[in-house]
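As the structure is a prediction and not an experimental result, all values here were calculated from the model.
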Amino acid sequence: MLRLLLIVALLPALAACGKPDTADTSGGAPAADASAMLTAVLDDYFEESLELNPLSATSIGDDRYNDRLAISIGAEYRERALAMEQRYLDRLLAIDSEALDAQEQLSYDLFRLQREWAIEGAQFPSHLQPINQFRSFMNRFVQLGSGKSLHPFETVKDYEDWLSRVDDFMVYVDTAIDNMQVGAAEGVVQPRVLMAKVLPQLESQIADSAEESGFWAPVESMPAEFSEEDRARLTAAFRDAIEARIIPAYARMLNFVGDDYMAAARDTVGLYALPNGREWYEYLVRVRTTTDLSPEEIHEIGLAEVARIHDEMRGVMAEVGFEGLLEEFFEFAATDPQFFYNEPGQLIEGFRGMAEEIAAANQALFAVFPKTDYEIRAYEPYREKTMSRGSYQAGTPDGSRKGIFYANTYNVGSRTRWNMKSLFLHEAIPGHHYQIMLQRENESLPRFRRFGGFTAYSEGWGLYSESLGKELGVYEDPMEYFGALSDELWRAIRLVTDTGIHALGWTRQEVLDYMAANSAASETRRVQEAERFMAIPGQALAYKIGQLRIREIRNRAEARLGDRFDVKAFHTEVLKDGSMPLSILEAKIDDWVDAQLTGGT
């Protein structure tokens, strides 16, 4: 049943790439051979992908490639990556999938879909737009070198590996500049308003000395057990790398963006304005939502959800005794001093203070918990101005590196307190930390499933987790529930504005005006979020589409099982096999319900 439903649901995507003319030398391999062939394909692909993407290896605690970076925007890399995708798709399609068991068929279908999407996506020139204010390797490299992120600084080899990664960073910067010059000539450029936000990010890394740079921290925290000889050698090498290479690279990029690229950047903000932009956006919508919904259909869903959530908010207004219009309540919630902290540290401590309460409440709805711990941090100053309210960085499955919930303390006087719990539920527990770390810790899954994912599933789970606040009993104050509704409203607004920007031709100001008229979000948040949608088209659609489908799946399971429905078992079933397209999750839960109704396992 799973296999049949998957093929029906994904028929348009699967039809896009026909089965290649590959010789089948298996002679009708029996099930054991098909299983062995699938295992080999999945393992071989994962190993090759780690070598091709060294930071992916670092992120999961595999240190074999810690001395290199991928020049992922370079022609040689892109050609190699595309060839690899096609080669493994060909190998996969040579397997008799009907001989596989249910879990193997699931892996087969997920792997096939991801390879086909990667091949299809290679036609779109994202490499010509390698930098924006929200996603930029220039920013990520600062994180990597800070001593507080993915790259470890515990052994002499770790420090030497980092110095080797600096060599690749130099190549990446030059490649990015070359690509952006080509993009300018071909009309594939970023919006000017976004690149204006990139300039201060780059400028923040141009220090007068190595000691004043964010890359110096690993030298200051060098392990005490290092010999004096190693300490002196590495200190000198880091100083030279920072002052003679890294800082000049940031200056070179700053000068290029400021002097050349800004003039070539565009006034439009939507993907529709680029060559083949409509097709590009439709592809991203399909991949991000794992549905075949059109941008126009998603726009209409967003408008309907905005109206529904507004009605629920009016119920909160009545509960707290507020008399007036919804727009006036938005103004009250967004400006009254009782709803704000004065200092950045208060916001971080506020999140830390709710961790124990929410962990205890989760015991009522969950039976399985990750072994890996997490911590709460503020965004670094160099990127806080352009980041969203919060985000999650996964830990390693062995627990050696914790997960991180990053919270934004920039302009803390604009950060409302009433939606802190909903943000915590989404980014930390039971949201991304539970979902991602349970998946990574599950050694029974193939590694491409343990360490991969689908945005609609993961972000849909995050928003679904926010909706559990009342059920968990943690939205004790009506304004905290208003905060949850406000965050859900924001995801509905994303459906309207993301499609408005990239498919319907909305301007930046039209987006900001719509946000202001329909939400209690501060101007700071409206600007940050609107420009985020411009920078990463389609990503913002995944949240509400995913949450709506997960809630529908739960509602149907509850209706069918009645008193036999166990919410803990449901959540375990949703999470235990890792991330997947929404149609596959729906079929999986239907099978789970069928098994209970018929007395199966």
Side-chain angles (χ1 to χ4, degrees), residues 53 55 69-75 77-78 121 124-146 149 165-166 168-206 214-215 245-271 273-275 277 280 284 379-388 391 501-502 508 527-540:
N53 301 284
L55 279 181
L69 297 172
I71 315 302
S72 56
I73 56 175
Y77 176 97
R78 290 182 291 107
F124 302 112
S126 58
H127 61 285
L128 300 183
Q129 302 183 110
I131 295 174
N132 59 48
Q133 90 295 355
F134 196 81
R135 284 188 178 166
S136 166
F137 193 73
M138 306 299 290
N139 284 347
R140 193 176 188 193
F141 193 65
V142 185
Q143 286 181 274
L144 287 171
S146 68
S149 185
R165 276 185 158 166
V166 172
D168 287 340
F169 177 68
M170 298 298 105
V171 178
Y172 190 98
V173 172
D174 290 339
T175 305
I177 291 174
D178 290 343
N179 284 4
M180 293 163 79
Q181 289 173 329
V182 173
E186 297 182 359
V188 182
V189 291
Q190 294 282 15
R192 186 173 292 107
V193 67
L194 302 188
M195 296 308 293
K197 302 294 178 69
V198 171
L199 294 173
Q201 293 177 344
L202 296 170
E203 192 170 13
S204 70
Q205 301 309 317
I206 302 175
F215 293 94
R245 304 167 71 199
I246 295 176
I247 293 176
Y250 279 90
R252 190 161 66 253
M253 180 63 79
L254 174 65
N255 292 336
F256 169 73
V257 173
D259 296 343
D260 300 326
Y261 195 79
M262 286 294 289
R266 57 193 168 99
D267 294 323
T268 57
V269 295
L271 202 57
L274 295 184
W280 194 349
L284 291 173
Y379 281 122
E380 303 88 349
Y382 66 85
R383 63 184 182 126
E384 63 181 1
K385 292 182 182 180
T386 57
M387 297 302 291
S388 57
S391 62
I501 291 167
H502 296 293
R508 176 179 181 274
V527 170
Q528 285 178 332
E529 293 285 317
E531 293 178 352
R532 166 187 170 170
F533 307 158
M534 298 169 199
I536 47 173
Q539 193 268 352

Quiz item: Do Gln205 and Phe215 come close enough that some side-chain heavy atom pair is under 4.5 Å?
Solution: yes
Quiz item: When rounded to the nearest 0.5 angstrom, what is the spacing between CG in Asn255 and CD1 in Ile177?
Solution: 9.0 Å
Exercise. Would you mind reporting whether Gln528 and Ser388 have side-chain heavy atoms less than 4.5 Å apart?
Key: no
Quiz item: Rounded to the nearest 0.5 Å, how far does CG of Leu194 lie from CZ of Arg266?
Solution: 8.0 Å
Quiz prompt | Within-4.5 Å side-chain heavy-atom neighbours: Lys197 and Val527 | solution = yes
Practice problem: Report yes if some heavy atom in the side chain of Gln201 is under 4.5 Å from a heavy atom in the side chain of Tyr250; otherwise report no. | Solution: no
Quiz item: Do Ile131 and Tyr261 come within less than 4.5 Å of each other through their side chains, counting heavy atoms only?
Solution: no
Self-check item: Heavy-atom check, side chain of Leu128 versus side chain of Glu186, under 4.5 Å
Solution: yes
Quiz item: Got Phe134 and Asn139 here, is their nearest side-chain heavy-atom distance under 4.5 Å?
Solution: no
Quiz item: Are any side-chain N or O atoms of His502 and backbone N or O atoms of Phe533, one a donor and one an acceptor, separated by less than 3.5 Å?
Solution: yes
Self-check item: Distance in Å, Ile501 CD1 paired with Leu271 CG, rounded so as to fall on 0.5 Å steps
Solution: 11.0 Å
Exercise. Nearest 0.5 Å please: distance from the CD atom of Glu380 over to the CE atom of Met387.
Key: 9.0 Å
Quiz prompt | Exam field: side chain Arg192 to backbone Ala265, donor-acceptor pair closer than 3.5 Å | solution = yes
Quiz item: Using 30° and 60° as the class limits, which term best fits the ring planes of Phe169 and Phe141: parallel, tilted or perpendicular?
Solution: parallel
Quiz item: Short question: side chain of Asn179, backbone of Ile73 - any donor-acceptor pair under 3.5 Å?
Solution: yes
Quiz prompt | Test log, rule side chain to side chain contact (heavy atoms under 4.5 Å, CB included), inputs Met180 and Gln190 | solution = CA-CA 9 Å; Met180 293 163 79; Gln190 294 282 15; over 6 Å; no
Quiz item: Quick one: does Tyr379's side chain have a donor or acceptor within less than 3.5 Å of a partner on Lys385's backbone?
Solution: no
Quiz item: Are Phe124 and Val188 close enough, and set up right, to give a side chain to side chain contact (heavy atoms under 4.5 Å, CB included), and what steps lead you there?
Solution: CA-CA 10 Å; Phe124 302 112; Val188 182; over 6 Å; no
Self-check item: Inter-residue atom distance Leu202.CG - Arg252.CZ, 0.5 Å rounding
Solution: 12.0 Å
Quiz prompt | Steps toward side chain to side chain contact (heavy atoms under 4.5 Å, CB included) verdict (Arg165, Leu55) | solution = CA-CA 10 Å; Arg165 276 185 158 166; Leu55 279 181; 3.8 Å; yes
Quiz item: Taking side chain as C-beta onward, heavy atoms only, is Arg508 less than 4.5 Å from Glu531?
Solution: yes
Practice problem: Assess whether side chain to side chain contact (heavy atoms under 4.5 Å, CB included) is satisfied between Leu274 and Trp280, documenting all intermediate values. | Solution: CA-CA 9 Å; Leu274 295 184; Trp280 194 349; 3.9 Å; yes
